[in-house]
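Taking it in order: structure first as structure tokens, then the write-up.
Each chain gets a letter, A, B and so on, in the order its sequence line appears, and its residues count up from 1.
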There are 2 protein chains.
Amino acid sequence: MTTRVSVDFIASDRVSITDRGFTYGDGLFETLRIVGGRAPLWPRHEARLALGCERLRLPLPDMSAIRDEAIRLAEGLDDAAARITLTRGTGTRGYAPPPAPRPTLAVSVAPLAPLVLDTSASVDGVAVRLCATRLAIQPLFAGLKHLNRLEQVMARAEWDDPAIGEGLMLDTAGDLVCATAANLFAVFSGTLVTPLVDRCGVAGVARAEVLAVRDVAEVRLNPARLAEADEVFLTSAVRGILPVRVFATRTWQPGPVTRALQAHWRGIGLSSPTGFEGPDR
Amino acid sequence: MTTRVSVDFIASDRVSITDRGFTYGDGLFETLRIVGGRAPLWPRHEARLALGCERLRLPLPDMSAIRDEAIRLAEGLDDAAARITLTRGTGTRGYAPPPAPRPTLAVSVAPLAPLVLDTSASVDGVAVRLCATRLAIQPLFAGLKHLNRLEQVMARAEWDDPAIGEGLMLDTAGDLVCATAANLFAVFSGTLVTPLVDRCGVAGVARAEVLAVRDVAEVRLNPARLAEADEVFLTSAVRGILPVRVFATRTWQPGPVTRALQAHWRGIGLSSPTGFEGPDR
């Protein structure tokens with residue numbers, strides 16, 4: 001698998017050890033899927049990146065140039081996953097942000113090959129577990145896809161059983177927020193709900209797409225209540241809509257809301273590369 | 001000012017954009033002072049780094065080799081500040097840590113020149129403000145000097161008045177924890193106290209030194225109570241013991257406990273490079 005990379009629009013896979021992304025996690029990232037040279041969810045990625053820049057007081061980058069760079073690197077690939085990392089750039093003066101930061105942009109694109117087990121997760125669903133690692137409540141950064149990801153790393157380190165597709169995470173108040181690298185949805189008697197991401201968690205781009213095309217209630221949700229759902233699924237910009245088949249003692253068959261959203265996903269040009277465990281989810 | 005650098009013991013100032021330090025802030029750092037080829041507080045830096053490795057499940061590095069590398073880079077410098085960054089190394093499989101990670105070690109050393117205003121902060125003390133940015137409560141990482149430092153960055157971004165020497169930070173429960181890049185101590189009727197760092201904050205190496213040589217009560221402390229203190233000071237491995245001269249409407253003269261600890265600092269070989277606003281505090 002060849003990964004194509006650039007740093008500040010020049011072919012390179014290296015950044016300075018004084019880059020604030022490396023020293024402090026001082027930046028943002030986006031992970032997107034590019035199919036046949038198109039990034040169907042790009043406007044949502046752009047919106048989240050812009051919100052992140054505003055919240056972290058990063059200068060707003062040229063969004064079209066970023067999109068074009070990702071698409072350029074994906075040239076000739078039928079299906080690709082891109083990671084875009086935007087940091088506050090280099091700095092040598094401690095935590096204080098440089099008065100005129102020159103952000104670093106790193107882009108990497110890798111082919112997204114259908115795997116042998118391509119269809120199983122999308123068709124049959126995935127088993128999920130509950131992580132012991134909890135998300136701290138920090139409204140200042142809630143919803144952003146910033147580079148401070150130790151909580152997700154430690155949560156994902158809790159299991160290595162390949163039969164487990166994802167781990168659900170609670171916040172420190174005990175409410176479900178999301179999976180380590182996906183958002184969570186559930187259907188109760190025809191009502192579609194997703195956890196609020198106002199105190200922590202990432203407001204996923206796939207989650208935003210679902211919110212735009214369906215009536216969804218954003219709620220606090222605990223594990224006991226989740227087990228009573230009629231349908232449960234995960235959303236990810238790269239992995240799409242993944243039915244949850246098993247959680248704790250409960251099992252489900254993929255339900256009609258899940259299937260309808262998978263059809264919507266295909267409709268916007270994002271078929272299911274399921275089973276993918278690729279770079280930079 | 002020449003900075004001397006190495007990555008994995010080879011002269012370089014570059015790391016891969018797939019380094020997990022850059023992609024997720026998945027690692028730890030130490031900032032230390034090296035005076036005449038000696039790092040007096042090294043055993044405490046080593047202890048914190050080892051604790052961090054255990055908590056983040058990083059393989060324990062060869063600590064002597066790390067110390068030797070920092071001291072080698074400081075060769076010929078009378079007084080230097082070193083930053084040691086240890087990450088989980090490169091990885092391309094999402095949040096899941098590689099089963100056999102090969103950590104990245106980046107070391108940078110810069111001369112610590114006495115500035116023109118050298119003595120003022122140490123002799124007269126510094127003015128501190130209260131930051132609006134709060135620390136999330138996350139016991140899992142409390143005390144560690146990990147690479148997820150967005151809270152400190154945003155707190156430090158709140159002011160650019162050079163008359164303000166530091167900013168104090170509350171946790172989301174409203175208790176004082178530390179300054180953006182230093183720990184906090186106060187004296188009440190002869191009792192020395194410092195905020196607990198069991199829920200968030202960094203357990204500073206200079207803080208550990210004070211705890212080792214004085215009776216100190218680790219407590220919850222709020223700003224109103226702090227304003228009633230007889231003495232207030234900050235501690236930093238690089239900046240030493242800094243009296244607090246002004247906080248809110250309160251002013252202090254450096255007191256006897258502060259002065260005694262400054263004398264202890266000189267005694268272990270760490271004179272006052274005060275006023276320093278150098279790299280990688």
Side-chain angles (χ1 to χ4, degrees), chain A residues 1 3 5 7 12-26 29 55-57 83 85 87-88 91-97 99 106-108 110 133-141 146-157 160 172 180-181 200 277-281, chain B residues 1 3 5 7 12-26 29 55-57 83 85 87-88 91-97 99 106-108 110 133-141 146-157 160 172 180-181 200 277-281:
Chain A
M1 189 169 79
T3 302
V5 292
V7 174
S12 169
D13 65 349
R14 302 264 139 182
V15 290
S16 169
I17 60 170
T18 67
D19 192 280
R20 294 174 62 96
F22 185 70
T23 53
Y24 303 131
D26 188 8
F29 70 111
R55 301 260 289 275
L56 301 188
R57 301 207 214 165
R83 171 167 166 141
T85 307
T87 80
R88 208 181 302 269
T92 56
R93 306 268 306 170
Y95 293 128
V107 182
S108 62
T133 304
R134 293 192 177 201
L135 296 164
I137 291 176
Q138 176 50 280
L140 194 57
F141 308 132
H146 55 65
L147 296 174
N148 280 197
R149 290 291 154 212
L150 271 175
E151 291 173 329
Q152 282 75 19
V153 168
M154 296 312 293
R156 185 58 189 81
D160 58 8
T172 52
T180 67
C200 54
E277 274 257 350
D280 306 319
R281 286 172 303 165
Chain B
M1 189 169 79
T3 302
V5 291
V7 174
S12 169
D13 66 350
R14 301 264 139 183
V15 290
S16 169
I17 61 170
T18 67
D19 192 280
R20 295 173 63 97
F22 185 71
T23 53
Y24 303 131
D26 188 8
F29 71 112
R55 302 259 290 275
L56 300 188
R57 299 207 215 167
R83 172 167 166 141
T85 307
T87 79
R88 208 182 303 269
T92 55
R93 307 265 308 167
Y95 293 127
V107 182
S108 63
T133 303
R134 294 193 177 200
L135 296 164
I137 291 176
Q138 176 49 281
L140 194 57
F141 306 133
H146 55 67
L147 296 174
N148 281 198
R149 291 289 154 214
L150 270 175
E151 291 173 330
Q152 282 74 20
V153 169
M154 296 313 291
R156 185 59 189 80
D160 57 8
T172 51
T180 67
C200 55
E277 272 260 347
D280 305 319
R281 286 173 300 166

Original post:
Do you know the tightest heavy-atom contact between A:M154 and B:R55?
Top reply: CE-O, 3.3 Å
Subject >> Shortest non-hydrogen contact from B:L147 toward A:N148 >> reply: O-ND2, 4.2 Å
Original post:
Where do A:Y95 and B:T180 come nearest, in terms of heavy atoms and distance?
Top reply: CE1-O, 3.1 Å
Subject >> Cation-aromatic face contact B:R83/A:Y24, 6.0 Å, 45 degrees >> reply: yes
Original post:
Shortest non-hydrogen contact from B:I17 to A:V7?
Top reply: CG2-CG2, 3.7 Å
Subject >> Closest-packed option against chain A by number of heavy-atom pairs under 4.5 Å, given B:P99, B:S12, B:A106, B:A136 >> reply: B:A136
Subject >> Contact leader toward chain A among B:L56, B:D19, B:V5, B:L140, where contacts are heavy-atom pairs under 4.5 Å >> reply: B:L56
**OP:** Against chain B, label A:T172 side chain, backbone, both or neither, depending on which of its atoms sit under 4.5 Å from a heavy atom there.
**Re:** side chain
Original post:
Given that the side chain runs from C-beta out, which part of B:R134 has a heavy atom under 4.5 Å from chain A: side chain, backbone, both or neither?
Top reply: backbone
**OP:** Let me know if A:I137 has heavy atoms under 4.5 Å from chain B in its side chain, its backbone, both or neither.
**Re:** backbone
Original post:
Are B:L150 and A:Q138 close enough that some pair of their side-chain heavy atoms sits under 4.5 Å apart?
Top reply: no
Subject >> Considering all heavy atoms, the nearest A:P97-B:R156 contact >> reply: CD-C, 4.4 Å
**OP:** Check each atom of A:R88 against the heavy atoms of chain B and say whether the ones under 4.5 Å are side chain, backbone, both or neither.
**Re:** side chain
**OP:** Name the region of A:D160, side chain, backbone, both or neither, that has any atom closer than 4.5 Å to a heavy atom of chain B.
**Re:** neither
Original post:
For B:F22 and A:T87, which heavy atoms make the closest approach, and how far apart are they?
Top reply: CE1-CG2, 3.6 Å
